[in-house]
Undergrad: 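Questions regarding the structure given below will be posed in turn.
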Amino acid sequence: MERRYDFKTIEARWQKKWEEEKTFAAHEGSDKPKYYLLEMFPYPSGKLHMGHVRNYSIGDVLARYKFMKGYEVLHPMGWDSFGLPAENAAIKMGAQPEPWTTSNIANMKTQLQTMGLSYDWDREVATCLPDYYKWTQWIFLQLYKNGLAYKKKAAVNWCPSCATVLANEQVIEGHCERCDSVVEKKSLEQWFFKITDYAQRLLDDLDKLPGWPDKVKTMQHNWIGRSEGVEVNFTTEDGRPIPCFTTRHDTIFGVTYMVLAPEHPMVAELVKGTPQEEAVNAFVKKVQQISTVDRTSGNLEKEGMPIGAFAINPMTGEKVPIWITNYVIMDYGTGAVMGVPAHDGRDFDFATKYGLPIKPVISYDEYVPGEPMPHVVEEDGFMINSGQFDGMHNRKEAMKAIADYMEENGLGKRVINYRLRDWLISRQRYWGAPIPIIYCPKCGEVPVPEKDLPVMLPTDVEFKPTGESPLKTSPTFDEVTCPICGGKAHREMDTMDTFVCSSWYFLRYADAKNDLQAFDKEKTDHWMPVDQYIGGVEHAILHLMYARFFCKALHDFGLVEADEPFTNLLTQGMVLLDGSKMSKTKGNIVSPEVIIEKYGADTARLFILFAAPPERDLEWNDAAVEGCYRFLNRVWRLVGTIMDKCEGQDTALNLDALSAEDKAMRRITHLTVKKVGDDIGKRFNFNTGISAIMEMVNALYAYLEKDTNPAVLHEAAEMLLLIFSPYAPHMCEELWEMMGNNEEIAHHVWPDFDEKAMAQDEVEIVIQTNGKIKDRLTIPAGMSADELTEYIKSYDGFEAILEGKQAVKIIAIPNKLVNIVVK
RNA sequence: GCGGAUGUGGCGGAACUGGCAGACGCACCAGACUUAGGAUCUGGCGGGAAACCAUGCAGGUUCGAUUCCUGUCAUCCGCACCA
């Protein structure tokens, strides 16, 4: 029988079937164990790129495997569809973001469907639709009600090009994450989520996530940046408090100066009316003019000046000069730092430069009382020059003793500081979920009543590149009636950061069509937590931290049971071309459309999974794509040949009538079934699973040259199609049907392997002397180490292997090797 | 500077628990079939004439190390004047 591998017809046919029959719909009432598999939903830019293809191919192989393994799989897809690109496109083309986004979603959905992915499309969500953002606003109100959403005036990160503020997490080395412009500081009244309330839990619960890569957990750990220390009650000479945070309170007796951030409010207060006021103000101005980038670059020469005032060290009563410098920042701790040049490298450099005194309080090898320190001492040691604490080990004893003493005497208190800041969610842009708050001249800040949700985005707005939110151009949006007093009031003009929308979408999939609630608790609790989450490592901090925060907060409100959203996380590597990331700006994009058009979806999927294990970056290679296409054709012809051979034959397996070749073939078949199952289900090494299938195909071709048994061929072909189907579902379904099976592979169970078929009668073992291979032997399988040792001793070639030397010891590894230690 | 990861043929990669380094594929070479081959099939393919030498480099542990330990170099990623 001769039939061509016509992938276009085959793929279109099965995709249609899967869609019409809702093959991959998830059902709540099922008896099967649930498995929630989620790939990070895309921003609908309009075009699928290779990163998407990789992400969704990985997810699809896993999903199809889990379906076959008997799980009730929830495998949904949707759109993270608010955001700047739509708005920028609108400005550029004088159009509206909404139709632009809608048509992009339609395009991308079509492209996704040509990949043959096993999604439950009935649960599709798009964050820009009112039936979704209504609930984003509702969640905002829950956070607000619980004191986790608040408004404050703060120095915030402002991107002049995007004309909006940014969260701390969205500033990369002083530049805007999105457009790379230099970020400015602006003092604005903005909405924040109080993620810092959850800092400790977000940190602690990383330990509850053994299924996350250490890399991601470390990044979150560092981002939260917990440090334990003491806030020491320094004061001015006349008793005004200047608390200093320190993690090295063991060195408190070594303080020889204090440093304030130039923005510290005490600076202006202390110099007011003094002769140095002008010089200090000039210095502060100079520091503030340095851009954020330079100021945080680390290469900035440390500069400072004394402001003429003094601080009192509460432990010693000593008077130390107050300086201001360009290296202390207002954002961390209290903006005031005690200077201990003897035991801090940075302070040492600074004190040396400006001739400030250096006083050792921890002993070191070359210590001579009264002699200047030759270098900074950051190592641990025993206390000196520290009153009653002298002689204690600084870390093991003095840390605790000094903190206790300060707390008992009201000189300071233990404090835990985090680097994590509250999440700034206001955006001065149009294409996002409006913040559901009303400002009433009489009643003040009033949350929109839940019954009035959603606060709809107005359509009577103009998109002009003015740098102001287009919402302000709407004649109808601003003015509202106050829900409390009924008087005239105004709406909040800012929209929410799009990361808010993506922080709960995984909950909505569990109950995507609910128009009475964000989600039904029972349904969400049924599916949550996500068993496997898959996406790019670029979301290690932002999205994954925010989503964890939301899940914990909603858990605390009693809305969900889970307090961690994602049990297992797989971070896939980037798709590279010529060593760099494919991107529009570099113009080095290989379009998935072209590949699918030319070779088909099965080839595209196979290539991207075969080229590298999922976590690793993947170098695109056109030639290798053709190799995968060739392999699919090889499978196609193979199964055709086997069908011809089996035509009219009895394919019932008779284990007693198998030749040695038949047994060898069955052994490979069953080993491959086992290996592919492990590679997909346990190791996520999809590439080695494909290799194993290729080896099996090679073995089958070799077997076909021999005296074949139709039953063995038939069994092999069926198993091959079943285990290959997660990778190349269209072709496998087609061949499966051609072989006369009525039930689709998608509904078929994953095959069991037979341990007995995998056993072998004889094994080849290696004979080594001192670890060097000398010989190979074929011996009966299953010999114990002792039997093997005896076998080798009595083996004819034993003396020859020794080459005249003495055998000292024999190490035997059953079924593998024998190593003879010789002298 | 701190933290993390990765270094294996011409290339992508394999070796899962310390046990035959280079599976599988790409590229390349030779051959078969063919009017033809960019289809298909067969064989070869780390270096070396060989003994042997080879998993970034230098040591160590071990009967045995790509795998474990110490040091070091390189590349990538994250954080970075954090007090």
Undergrad: Since syn is defined as within 90° of 0, does rG4(B) count as syn or as anti?
TA: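 Anti, which is what one calls it when the glycosidic angle falls more than 90° from 0.
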
Undergrad: Any side-chain donor-acceptor pair under 3.5 Å between Lys302(A) and Asn326(A)?
TA: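 No pair is found: no donor N or O on one side chain lies under 3.5 Å from an acceptor on the other.
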
Undergrad: Taking only side-chain N and O atoms of Arg4(A), does any of them lie within less than 4.0 angstrom of OP1 or OP2 on rA39(B)?
TA: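 False: Arg4(A) side-chain N/O out of range (4.0 Å or more) of rA39(B) OP1/OP2.
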
Undergrad: Is the phosphate of rA15(B), meaning OP1 or OP2, less than 4.0 Å from a side-chain N or O of Arg683(A)?
TA: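 Result: yes.
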
Undergrad: Looking only at the side chain of Tyr332(A) (C-beta and beyond, no hydrogens), which of the listed nucleotides rG78(B), rA15(B), rC82(B) gets closest?
TA: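 Selected nucleotide (nearest to the side chain): rC82(B).
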
Undergrad: Please check the phosphate of rA39(B) (OP1 and OP2 only) for any side-chain N or O of Arg637(A) closer than 4.0 Å.
TA: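 It does not, given that no N or O in the side chain of Arg637(A) lies less than 4.0 Å from OP1 or OP2 of rA39(B).
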
Undergrad: With the side chain of Ile541(A) defined as its heavy atoms from C-beta on, choose the nearest nucleotide among rG78(B), rG19(B), rC53(B).
TA: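 The answer is rG78(B).
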
Undergrad: For the side chain of Ile773(A), counting heavy atoms from C-beta on, which of rC81(B), rG13(B), rA21(B) is nearest?
TA: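 Among rC81(B), rG13(B), rA21(B), the one nearest the side chain of Ile773(A) is rA21(B).
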
Undergrad: Side-chain donor or acceptor of Asn222(A) under 3.5 Å from a matching atom on the base of rC79(B)?
TA: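 Check fails, no donor-acceptor contact within cut-off.
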
Undergrad: With respect to the side chain of Val328(A), which nucleotide from rA14(B), rA83(B), rA27(B) is positioned closest?
TA: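 Selected nucleotide: rA83(B).
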
Undergrad: Is there a side-chain contact between Arg346(A) and the phosphate of rC82(B), meaning an N or O under 4.0 Å from OP1 or OP2?
TA: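 Indeed, a polar side-chain atom of Arg346(A) lies that close.
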
Undergrad: Tell me the interatomic distance from Leu618(A), atom CG, to rC26(B), atom C1', rounded to whole angstroms.
TA: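 Distance, rounded to whole Å: 13 Å.
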
Undergrad: With a 4.5 Å limit on heavy-atom distance, are the side chains of His249(A) and Cys244(A) in contact?
TA: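 A side-chain contact under 4.5 Å is absent here.
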
Undergrad: Choosing from rC41(B), rA14(B), rG25(B), which nucleotide comes nearest the side chain of Arg634(A)?
TA: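 Looking only at side-chain atoms, Arg634(A) lies closest to rC41(B).
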
Undergrad: Measure CG/Leu206(A) against P/rG78(B) and give the value in whole Å, please.
TA: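 In whole Å, rG78(B) P and Leu206(A) CG are 19 Å from each other.
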
Undergrad: Of all the choices, rC26(B), rA83(B), rG19(B), which nucleotide is nearest to the side chain of Asn621(A) once you look at every atom?
TA: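 Ranking rC26(B), rA83(B), rG19(B) by closest atom to the Asn621(A) side chain puts rC26(B) first.
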
Undergrad: Which sits closer to the 5' end of RNA chain B, Arg248(A) or Leu817(A), going by the nucleotide each is nearest to?
TA: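 The answer here is Leu817(A).
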
Undergrad: Between Asp214(A) and Thr688(A), which is nearer to the 5' end of RNA chain B once each is assigned its nearest nucleotide?
TA: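 Its nearest nucleotide being more 5', the pick is Asp214(A).
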
Undergrad: Side-chain contact test, heavy atoms from C-beta onward, threshold under 4.5 Å: evaluate it for Ile362(A) versus Arg248(A) and give yes or no.
TA: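 Contact flag for Ile362(A)/Arg248(A) side chains = yes.
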
Undergrad: Choosing from rC41(B), rC82(B), rA14(B), which nucleotide comes nearest the side chain of Pro613(A)?
TA: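 Of rC41(B), rC82(B), rA14(B), rA14(B) is nearest to the side chain of Pro613(A).
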
Undergrad: Ala623(A) side chain: which of rG13(B), rC16(B), rC26(B) is closest?
TA: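 Of the candidates, rC26(B) comes closest.
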
Undergrad: Could you check whether Lys675(A) gets within reach of a base, just the sugar-phosphate, or nothing at all, counting any heavy atom under 4.0 Å?
TA: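 If one applies the 4.0 Å heavy-atom cut-off, Lys675(A) turns out to touch a base.
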
Undergrad: Do Arg776(A) and rC20(B) have a side chain to base donor-acceptor pair shorter than 3.5 Å?
TA: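 Indeed, a donor on one side and an acceptor on the other fall under 3.5 Å apart.
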
Undergrad: Given rC82(B), is OP1 or OP2 found less than 4.0 Å from the side-chain N or O atoms of Arg226(A)?
TA: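 No, outside the criterion.
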
Undergrad: Does Asn698(A) reach a base, just sugar-phosphate, or nothing at all? Heavy atoms under 4.0 Å.
TA: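 Sugar-phosphate only.
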
Undergrad: Going by atom types only, do Asn222(A) and Arg419(A) share a side-chain donor-acceptor pair under 3.5 Å?
TA: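 Per modelled atom types, Asn222(A) and Arg419(A) side chains form no pair under 3.5 Å.
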
Undergrad: Have a look at Gly627(A) and say if it touches a base, only the backbone sugar-phosphate, or nothing, with a 4.0 Å heavy-atom cut-off.
TA: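 Result for Gly627(A) = sugar-phosphate.
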
Undergrad: Look at all strands and tell whether Asp617(A) reaches a base, only sugar-phosphate, or nothing, counting heavy atoms closer than 4.0 Å.
TA: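 Answer is sugar-phosphate: Asp617(A) comes under 4.0 Å of backbone atoms only.
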
Undergrad: Assign Asn770(A) to base, sugar-phosphate, or nothing according to its heavy-atom contacts below 4.0 angstrom with the strands shown.
TA: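 Sugar-phosphate: the residue Asn770(A), judged by heavy atoms under 4.0 Å, touches backbone atoms but no base.
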
Undergrad: How would you label the contact of Lys682(A) with the nucleic acid (heavy atoms, under 4.0 Å): base, sugar-phosphate, or nothing?
TA: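 Nothing, no nucleic acid heavy atom in range.
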
Undergrad: From the set rA83(B), rG78(B), rC81(B), return the single nucleotide nearest to any side-chain atom of Tyr327(A).
TA: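 The answer is rC81(B).
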
Undergrad: Contact class for Glu626(A) (heavy atom, under 4.0 Å): base, sugar-phosphate, or nothing?
TA: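 The residue Glu626(A) makes no contact with any strand.
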
Undergrad: Would you classify Val821(A) as touching base, sugar-phosphate or nothing, given that sugar-phosphate means primed atoms plus P, OP1 and OP2, and contacts are heavy atoms under 4.0 Å?
TA: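 Counting heavy atoms under 4.0 Å across all strands, the contact made by Val821(A) is with sugar-phosphate only.
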
Undergrad: Please name the pair of heavy atoms, one in Asp207(A) and one in Pro210(A), separated by the smallest distance, quoted to 0.1 Å.
TA: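 For Asp207(A) and Pro210(A), the tightest heavy-atom pair comes out as O-CD, 4.3 Å.
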
Undergrad: Taking the side chain of Glu695(A) as its heavy atoms from C-beta onward, which of rA27(B), rC24(B), rA14(B) lies nearest to it?
TA: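 Shortest atom-to-atom distance from the side chain points to rC24(B).
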
Undergrad: Taking atom NZ of Lys413(A) as the centre, report whether more than 12 heavy atoms of other residues, nucleotides or ligands fall under 6.0 Å from it.
TA: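 12 or below, so no.
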
